[in-house]
There are 2 protein chains.
Amino acid sequence: MEENLKNFKKNEISPAIMRRLPNYLRYLKEKQKEGVEIISSVNIADDMKLSPIQVKKDIASSSKVQGKPRIGFEVDGLIADIERVLGYGNVNDAVLVGAGQLGKTLLSYTGFENYGLNIVAAFDSDPAKCNIKIKNKTVYPVERLSEIIKKYNIRMGIITVPERFAQNICDIMVEAGIKAIWNFAPTHLIVPDKVALKNEDLAASLAILSSQLKVILNKQEN
Amino acid sequence: MEENLKNFKKNEISPAIMRRLPNYLRYLKEKQKEGVEIISSVNIADDMKLSPIQVKKDIASSSKVQGKPRIGFEVDGLIADIERVLGYGNVNDAVLVGAGQLGKTLLSYTGFENYGLNIVAAFDSDPAKCNIKIKNKTVYPVERLSEIIKKYNIRMGIITVPERFAQNICDIMVEAGIKAIWNFAPTHLIVPDKVALKNEDLAASLAILSSQLKVILNKQEN
DNA sequence: AAAATATCGATATTTATTTATCGATATTTA
DNA sequence: TAAATATCGATAAATAAATATCGATATTTT
């Protein structure tokens, strides 16, 4: 009675693969738009600067599409499977706290819907920023944060406040029932074990890129 | 004649450790601000939700600070060493293309100076956005991009244009001599091998967080 | 239609990363 | 001041991830 699911065991996808899946998805959708219907691991690997073996393994563990030797994989099938693994189509309502420059940028960003993010309300401590609408979303005074999280049973919170306020906002969110926090404040937050935390650290990305640049420039000197 | 540098061999720090270093740095600076002068691996591990063994190993390979049994490591020394590894103090001049919402946010972001990013000029294709200053930085028409990169010998480029323009901007940058590209457009860019590319994919982060949230919520149902 | 070739899936190997162990040592406690 | 204890550095073991190998198969070439 065993299903024909190859390595597709128990939805257990490693973190390393999970990090690459969004890249595959973006790449495959571009190819789809170009009219490509079948693509091989070698092709993907060349374009994405990965090894073909890695691409094959990643596909095997995140999709049940069968590749054909000498031909490749069906693009539509890969896209559908990767989207499912990434939770495309799920909807997560979220609140955002901190309607400053960065907060407004996230509120305006249109790329999130596909990943199921639905920011239902924003909050700010500055009365001057409250009770206005940004991209159709109302900014409430931060005093109402807990109330609204509870009322709408919201599970995800986005923090875009200055770092000195971040822990306090985080605590309020956790107390009100938030289970996943996306933190853009450059600070270390303390959360209980059963709350997921993802720090978005632009400075860290920059540091990594800078060190790569240094390597490149050094090589060219030789 | 061997130097007392422990595992501190050849400046070769693994990518996995490199990714964690900015987190350590942020954490240690907070402790420093609180007046903490010595800290143990167990302490760091508890707060950062890592294992003490991993913390010890990370410190050993990125710092030459000697820990004392039963005591810990000198905070100031750790900070200094990690900053050096991350290239804190290096200065990288950069150009930014795309003075929209996200571009303006990055131009205004103050957290980058410490990591040596110095955005010297911004560019946009919309004449209405040009020749104004944002946070003291002039926005030039994109036609002048190549010229200014070459004139000031700039090596890093930041792309915050809509995805359909990203590859074109990327090509102009590469042709003009850019060696490291920080891409915020949600698209797959093709660059030569000797150019470093870092894609900043907010949707990908979100996808990972969403899948963690799903796991948490499922556990609570049981 | 047969031979050559490219890519597949599966498995094996290598490399990287994390976690565990253990003697040494600095502090704390008795 | 001696014994107990916590944390260190170093090394070893275990786990995870990336890469290599190989027979099978679908297409292309001859």
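Proteins come first, then strands; the chains are lettered A, B, ... in the order of their sequence lines, and each starts at number 1.
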Q: Would you mind reading off the distance between Glu74(B) atom CD and dC8(D) atom P, rounded to a whole angstrom?
A: 14 Å
Q.
Mind checking if Ile71(B) touches a base, just sugar-phosphate, or nothing, with heavy atoms under 4.0 Å?
A. sugar-phosphate
Q: Identify whether the distance between the nearest side-chain nitrogen and carboxylate oxygen of Lys150(A) and Glu175(A) falls below 4.0 Å.
A: yes
Q. Which part of the nucleic acid, if any, lies within reach of Pro15(A) when heavy atoms closer than 4.0 Å are counted: base, sugar-phosphate only, or nothing?
A. sugar-phosphate
Q. Rounded to whole angstrom units, what separation is found between the CZ atom of Arg19(A) and the P atom of dA16(C)?
A. 16 Å
Q | Rounded interatomic separation in angstrom, taking CD from Gln54(B) and C1' from dC8(D) | A | 17 Å
Q: For Gln101(B), enumerate each residue passing the side chain to side chain contact (heavy atoms under 4.5 Å, CB included) test, keeping only those at least two apart in sequence or located in another chain.
A: Gln101(A), Lys104(A), Thr105(A), Ser108(A)
Q) With respect to the phosphate group of dT19(C), does any side-chain polar atom (N or O) of Ser51(B) fall under 4.0 Å of OP1 or OP2? A) yes
Q) Can a salt bridge be assigned to the pair Glu83(B) and Lys29(B) using a cut-off of 4.0 Å between side-chain N and carboxylate O? A) yes
Q) Would you say dC8(C) has OP1 or OP2 under 4.0 Å from some side-chain N or O of Ser41(A)? A) yes
(Q) Between Arg155(A) and Asp93(A) (salt bridge meaning N to carboxylate O under 4.0 Å), is one present in this structure? (A) no
Q: Can you tell me the distance, in whole Å, between the CG atom of Asn43(A) and the P atom of dT7(C)?
A: 8 Å
Q.
Just by distance, no angles: are the side chains of Thr187(B) and Gln167(B) close enough, under 3.5 Å, to form a donor-acceptor pair?
A. no
Q | Nearest-Å distance for atom pair NZ/C1', residues Lys68(A) and dT28(D) | A | 16 Å
Q. For Ile38(A) and dC8(C), what is the distance between atoms CD1 and C1' respectively, to the nearest whole Å?
A. 13 Å
Q) To the nearest angstrom, how far is Ile59(A) atom CD1 from dT7(C) atom P? A) 13 Å
Q: Report the base-pairing partner of dA4(D) (Watson-Crick or G-U wobble, both distances below 3.5 angstrom), or none.
A: dT27(C)
(Q) Judged by each residue's nearest nucleotide on DNA chain D, which is more toward the 5′ side, Lys56(B) or Ala16(A)? (A) Lys56(B)
Q: Report yes or no: is there a donor-acceptor pair, N or O only, under 3.5 Å between the side chain of Arg70(A) and the base of dT28(D)?
A: no
Q | N/O (side chain, Arg20(B)) to phosphate O (OP1/OP2, dT18(C)) under 4.0 Å | A | yes
(Q) Tell me the interatomic distance from Lys57(A), atom NZ, to dA17(D), atom P, rounded to whole angstroms. (A) 8 Å
Q | Position toward the 5' end of DNA chain D (nearest nucleotide), Ile53(A) or Ser14(A) | A | Ser14(A)
